[in-house]
There are 2 protein chains.
Amino acid sequence: MSSTIYDIAREAGVSIATVSRVFNNTPNVTEKTREKVLAIADELGYHPKALAQSLARKKSRIISVVVPVISNYFFMEVLAGMQDKIAEYDYDLQIFNVRDSDNLLQQTEHIMKRGWGEGYILISVHLEDKEWKSLDKYKLPIVLIDEYFSGFDTISVDSVEGAYTATNHLIEQGYKRIGMISANPLAKPSMDRIMGYKRALEDAGHLVNPEWIVTGDNMTRDGFVESNGYEAMMKMLEKEKAPEACFCASDIQALGAIKAMRDKKNRIPLVAFDDLEFSEYVGLTTMRQPMYEMGQLAIERLISRTKHKEEDIRHTVFSPDLIIRSSTPEYSGYINTSG
Amino acid sequence: MSSTIYDIAREAGVSIATVSRVFNNTPNVTEKTREKVLAIADELGYHPKALAQSLARKKSRIISVVVPVISNYFFMEVLAGMQDKIAEYDYDLQIFNVRDSDNLLQQTEHIMKRGWGEGYILISVHLEDKEWKSLDKYKLPIVLIDEYFSGFDTISVDSVEGAYTATNHLIEQGYKRIGMISANPLAKPSMDRIMGYKRALEDAGHLVNPEWIVTGDNMTRDGFVESNGYEAMMKMLEKEKAPEACFCASDIQALGAIKAMRDKKNRIPLVAFDDLEFSEYVGLTTMRQPMYEMGQLAIERLISRTKHKEEDIRHTVFSPDLIIRSSTPEYSGYINTSG
DNA sequence: CTGAAAGCGCTTACAG
DNA sequence: CTGAAAGCGCTTACAG
């Protein structure tokens with residue numbers, strides 16, 4: 001069994017209060033007793049148990065991250081940012097999965113009630129305003145990533161604007177019949193991107209053809225998977241009057257779409273959304289979401305809020321940047337498509 | 001402030017023991033008192049604090065995962081498996097990062113001494129035998145992924161064998177001058193893969209040319225990054241007598257290598273190692289590591305061990321499977337390379 | 001500088 | 001079926 005503060009106190013001939021003090025770097029301890037305690041602790045492999053400290057201090061120094069099980073590369077890159085940033089503080093990270101079902105709110109509440117974290121970062125947890133409000137009563141520091149609620153700090157990317165910019169890039173290159181590969185149209189990010197896509201076409205006076213908005217059959221992770229993009233692009237290229245260029249709701253789907261174009265031997269310009277780490281290497285033009293930075297910022301905001309509860313709520317909305325690569329080559333007059 | 005067991009007990013007119021019993025589903029509680037307690041708990045948004053439960057039970061129901069900050073896609077896919085599997089149990093996941101420096105052992109020990117987890121999963125933490133042994137004294141359930149020590153449960157993939165199979169695939173297709181893109185040659189997985197590569201060439205009676213083993217300049221994450229593969233392939237193709245085929249230590253580097261081949265307009269057959277989720281979509285022939293399954297297995301083994309301390313130690317070594325895709329097309333007689 | 005004691009929010013024998 | 005009480009391993013005023 002691992003030793004406790006009592007074992008150390010006994011061996012060192014001091015009280016447990018003193019042992020506690022040396023581990024908490026309280027100034028008023030003789031150098032001599034400090035050394036003695038430390039020596040014995042080292043010998044017995046002792047260190048205060050975080051669990052007991054947390055209870056006594058009423059502070060766990062844990063940040064809980066809640067993420068739907070449909071965790072994807074987006075989450076992974078956000079997590080990387082959180083990990084790197086939290087290393088600067090004396091906090092640890094705990095991850096909770098919620099199933100993306102109708103009782104999302106209850107699942108989230110349950111996690112909060114159990115009280116592991118001093119603060120909570122919710123990534124891509126999509127709730128209604130009144131549901132967010134009901135979370136408010138726990139008076140916990142909360143930061144939302146990829147969502148918006150006026151009562152909590154939020155960090156997100158403007159999907160509508162991003163989709164608009166992406167689509168517009170295609171328009172500016174001279175394309176008119178522009179299709180879109182969407183994901184689950186009921187999911188928030190998907191919905192916003194469809195909106196931005198439509199708006200860009202409308203503003204340019206181009207046709208918005210509902211048949212040109214397609215998605216695949218695989219709805220795992222709300223359709224944000226390679227195979228969904230593959231299926232969608234196959235459908236798109238099989239249409240009698242296929243689009244001459246395409247905006248794709250995510251990089252991961254774009255990867256599948258590119259394979260479909262290869263298989264169909266029909267390559268059309270493509271711009272996607274995310275800018276995952278590998279996208280540079282497949283030459284994908286895309287709207288860059290600063291995922292890593294969002295993760296870092298979330299940690300900063302949350303830790304700051306655990307310290308100053310009354311700080312003003314802050315909403316950070318990033319504008320995604322258009323990163324042009326080889327999947328949208330310069331427009332060369334006429335396009336090689338069927339129809 | 002959030003309510004405690006005392007608040008509920010007072011409101012319900014029972015003792016805290018009774019409240020505790022209803023939340024622990026102890027059988028002997030009248031249905032009537034149970035309902036009363038639950039009603040009040042619901043009203044006050046009460047649920048037992050996990051922290052206090054853990055201390056009282058001496059069981060945290062937390063599994064701690066230790067991973068170097070150089071976390072990469074390998075870790076991500078393992079994590080996915082762990083997340084999905086842990087959902088079946090009443091455990092939560094906590095993630096700790098260690099910096100990949102000389103005091104890896106101390107960092108790991110510190111995490112264990114703090115005692116959050118009931119058990120520990122260490123991913124890609126590479127220590128010496130005597131260092132592992134020193135961890136043994138904590139008598140904690142430990143599972144190692146991507147490492148081996150006789151005293152702990154371990155889960156790994158045979159890198160030597162995998163590299164052998166990969167290289168042999170190229171040999172069987174008729175290639176003789178086979179190069180290798182390695183990562184940091186001092187990192188264990190890298191070392192093993194170089195060994196398997198060499199052994200395959202030797203067994204086939206082919207030349208092992210040290211100059212054909214190259215790595216890039218970017219040693220972030222031990223060189224397991226896209227840009228490293230890009231740089232390495234550029235070097236390889238610039239050699240006066242360039243290899244006619246290549247084994248690459250990881251999929252992520254292969255992505256960079258493919259871009260280099262595109263830029264150099266010189267495509268040689270390539271087989272990599274990992275089989276990341278997206279690799280199928282870039283048509284990469286590779287040695288598949290069952291990362292997701294490894295994550296799942298690690299959770300199963302660890303939870304099983306927390307329950308039966310005296311279970312026999314188990315070492316699971318997966319043989320990576322060769323997944324053939326378009327990056328290694330059929331050998332067509334003569335090869336188109338310089339030299 | 002150091003110790004005795006209360007308290008953090010629970011669980012769980014032990015009685016009844 | 002229920003309660004009083006001890007205990008989990010610490011921290012932290014309060015005295016001295």
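Letters A, B, ... are given to chains in the order of the sequence lines, protein chains preceding strands, and every chain is numbered from 1.
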Roughly how many Å is it from CG in Leu55(A) to P in dG7(D), rounded to a whole number? 17 Å
note: Ile5(A), atom CD1; dT12(D), atom P; distance rounded to Å ~ 11 Å
Within the structure shown, what part of the strands sits under 4.0 Å from Thr26(B) by heavy-atom distance: base, sugar-phosphate, or nothing? nothing
Between dC10(C), dA4(C), dT11(D), which nucleotide has the shortest distance from any of its atoms to the side chain of Ala56(B)? dC10(C)
Base-pairing assignment for dA4(D) (Watson-Crick or G-U wobble, both under 3.5 Å): none
Side-chain N or O of Lys58(A) closer than 4.0 Å to phosphate OP1/OP2 of dG9(C): yes
Proximity of Tyr73(B) and Tyr73(A) rings by center, below 6.0 Å: yes
Report the distance from atom CG of Leu135(A) to atom CG of Leu127(A), rounding to the nearest 0.5 Å. 7.0 Å
Taken to the nearest 0.5 Å, the spacing of Lys133(B) NZ from Glu131(B) CD works out to 11.5 Å
Would you say Ser20(B) reaches dT11(C)'s phosphate, i.e. side-chain N/O to OP1/OP2 under 4.0 Å? yes
Round to a whole Å and report the spacing from CD1 of Ile16(A) to C1' of dG3(C). 10 Å
Is the shortest side-chain N/O distance from Thr33(B) to OP1 or OP2 of dT2(D) below 4.0 Å? yes
Which is true for Thr18(A) with a 4.0 Å heavy-atom rule: it touches a base, it touches only sugar-phosphate, or it touches nothing? sugar-phosphate
Determine the contact category for Ser54(A): base if any of its heavy atoms lies under 4.0 Å from a base atom, sugar-phosphate if only primed atoms, P, OP1 or OP2 are that close, otherwise nothing. nothing
Please report, rounded to the nearest Å, how far the P atom of dG9(D) is from the CG atom of Asp7(A). 9 Å
Whole Å only: how far is the OH atom of Tyr46(B) from the P atom of dG9(C)? 10 Å
As its Watson-Crick or G-U partner within any shown strand, both distances under 3.5 Å, dA13(D) has none
dC8(C) P sits how many Å from Gln53(B) CD, rounded? 17 Å
Atom-pair distance (NZ on Lys59(B); C1' on dG9(C)), nearest Å: 19 Å
So, the side chain of Arg305(B) versus the backbone of Glu311(B): is there a donor-acceptor pair under 3.5 Å, distance only? yes
Which nucleotide wins on minimum distance to the side chain of Ala52(B), given the candidates dC10(C), dT2(D), dG3(C)? dC10(C)
For the side chain of Asn24(B), starting at C-beta, report the closest nucleotide among dG9(C), dT11(C), dC14(C). dT11(C)
Is the distance between the ring centroids of Phe23(A) and Tyr46(A) under 6.0 Å? yes
Which nucleotide in dT11(C), dC10(D), dT12(D) has an atom nearest any side-chain atom of Arg57(A): dT12(D)
Quick check on dA4(D): is either OP1 or OP2 less than 4.0 Å from any side-chain nitrogen or oxygen of Ser15(B)? no
Phosphate oxygens OP1/OP2 of dC8(C): is one of them under 4.0 Å from a side-chain N or O of Thr4(B)? no
Is there a donor-acceptor pair under 3.5 Å between the side chain of Thr316(A) and the backbone N or O of Ile155(A)? no
Give the rounded distance in Å between these two atoms: CG of Leu51(A) and P of dG9(D). 10 Å
Taking for Tyr6(A) and for Thr30(A) the nucleotide of DNA chain C with the nearest heavy atom, the one nearer the 5' end belongs to Thr30(A)
